[in-house]
Amino acid sequence: MAASWSETIPLLKTLFTAGWNRANTSQRKPVIDDITNVEPGRGKRLDLTRQDAVLFYETAHNEEQPELLYDFVNTRVNITVDMRTTLTRDHLYLMENEVRRIVHINRKGDGVNFDRMIYKTRTDLSDRTKKLWRYTFQVEIVTFAEFIPL
């Protein structure tokens, strides 16, 4: 039996692509992609002078077994959102606010693909000597009572 819902990375990519508001980020829309779909070696060589980047990759996938019902699991998938720009730190703040806006708009889930989206942590990985402004975020996608086909 195949899953009838979207996997988390394509789902997040769709939500960010459709929900990104250029007006909130100085009329710049970033490259939004799964880091595993970027050409080999290109992940470190994106042309950030033309466009910013928002890249996704899965860092953890956990299943919790409820105490009484063994036909269902609660699934928690942690996704890292890697956001990069070469403009300014102020522009990075604008991009951060846009990421937070998209996550919080979708935090209640859609009832089909996931039930909760949680903005968890932010890490500053900027390198001032290279003028690379970079944040990584941990976003958790939660699905309650996912049926286990036997």
Side-chain angles (χ1 to χ4, degrees), residues 3-66 72-146 148:
S4 59
W5 61 89
S6 295
E7 288 294 328
T8 54
I9 296 286
L11 174 70
L12 213 55
K13 182 179 174 184
T14 301
L15 292 173
F16 272 69
T17 301
W20 195 273
N21 187 348
R22 292 172 53 140
N24 294 338
T25 56
S26 305
Q27 297 302 322
R28 286 175 60 109
K29 185 168 184 177
V31 172
I32 299 172
D33 208 353
D34 175 0
I35 203 163
T36 62
N37 288 340
V38 177
E39 298 170 19
R42 183 165 180 227
K44 294 182 181 177
R45 288 182 257 181
L46 289 168
D47 187 359
L48 294 176
T49 58
R50 290 187 187 162
Q51 260 183 316
D52 304 321
V54 176
L55 305 170
F56 307 109
Y57 54 95
E58 185 176 316
T59 50
H61 182 109
N62 301 310
E63 290 186 359
E64 302 166 351
Q65 185 88 23
F72 298 92
V73 293
N74 296 332
T75 305
R76 295 177 178 276
V77 180
N78 286 325
I79 306 290
T80 298
V81 179
D82 189 340
M83 186 177 70
R84 306 171 187 188
T85 186
T86 56
L87 287 183
T88 62
R89 182 166 288 280
D90 289 337
H91 184 70
L92 185 70
Y93 295 150
L94 294 176
M95 291 177 64
E96 175 195 9
N97 287 337
E98 188 62 10
V99 166
R100 290 182 68 228
R101 186 187 69 81
I102 292 169
V103 170
H104 289 301
I105 283 174
N106 294 291
R107 71 179 176 256
K108 293 181 182 177
D110 61 6
V112 175
N113 296 303
F114 68 104
D115 295 306
R116 297 281 186 275
M117 185 183 305
I118 303 165
Y119 176 93
K120 293 178 78 175
T121 62
R122 179 192 82 187
T123 306
D124 188 351
L125 297 174
S126 298
D127 186 348
R128 291 181 211 158
T129 60
K130 295 179 182 176
K131 295 186 180 180
L132 173 65
W133 309 109
R134 180 179 176 201
Y135 279 153
T136 59
F137 305 93
Q138 291 298 312
V139 175
E140 186 174 62
I141 308 290
V142 182
T143 306
F144 296 119
E146 182 180 333
I148 301 173

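Position 1 is the first residue of the sequence; numbering continues from there.
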Taking only residues two or more places apart in sequence, or in another chain, which ones meet T86 in a side chain to side chain donor-acceptor pair (under 3.5 Å)? none
Specify the closest pair of heavy atoms between P30 and V54, including all atoms of both residues, with the distance to one decimal. CG-CG2, 3.7 Å
Please list, chain by chain and in numerical order, all residues satisfying ring-ring contact (aromatic ring centres under 6.0 Å, His included) with F56, sequence neighbours excluded. F16
Identify, with sequence neighbours excluded, every residue that meets side-chain contact (heavy atoms from CB on, under 4.5 Å) alongside E64. N74, R76
Just how far is it from atom CG of L12 to atom CZ of F114, taken to the nearest 0.5 Å? 8.0 Å
Which heavy atom of V139 sits nearest a heavy atom of M117, and at what distance? CG1-CG, 3.6 Å
Which atom of T17 lies closest to which atom of I32, heavy atoms considered: OG1-CG2, 3.8 Å
Sequence neighbours left out, what passes side-chain contact (heavy atoms from CB on, under 4.5 Å) with A18? Give chain and number order. none
Just jot down the side chain to side chain donor-acceptor pair (under 3.5 Å) partners of T136, sequence neighbours excluded, or say none. none
Which pair of heavy atoms, one from T129 and one from D127, lies closest together, and at what distance? OG1-OD1, 2.6 Å
Minimal non-hydrogen separation, E7 against P10, with atom names: O-CD, 3.4 Å
Heavy-atom pair of closest approach, residues R116 and K108: NH1-O, 4.0 Å
N24 side, atom CG; L94 side, atom CG - distance, nearest 0.5 Å: 8.0 Å
Side chain to side chain donor-acceptor pair (under 3.5 Å) filter on T59, not counting sequence neighbours, yields Q138
Is atom NZ of K131 surrounded by more than 12 heavy atoms (other residues, nucleotides or ligands) closer than 6.0 Å? no
D124: what forms a salt bridge (charged side-chain N to carboxylate O under 4.0 Å, His left out) with it, not counting sequence neighbours? R89
When rounded to the nearest 0.5 angstrom, what distance separates CG in L15 from CD1 in I141? 7.5 Å
Does any pair with a residue in residues 11-23 pass salt bridge (charged side-chain N to carboxylate O under 4.0 Å, His left out), and if so which ones, sequence neighbours excluded? K13-D33
Residues in salt bridge (charged side-chain N to carboxylate O under 4.0 Å, His left out) contact with D115, at least two apart in sequence or another chain: none
Salt bridge (charged side-chain N to carboxylate O under 4.0 Å, His left out) pairs touching residues 92-107, sequence neighbours excluded, are E96-R122, E98-R101
Between the OH atom in Y135 and the OH atom in Y93, the distance rounded to the nearest 0.5 Å is 4.5 Å
Taking side-chain contact (heavy atoms from CB on, under 4.5 Å) as the test, write out the residues that go with R28, two or more places apart. D52, L87, H91
Contacts of type side chain to side chain donor-acceptor pair (under 3.5 Å), residue R128, not counting sequence neighbours: none
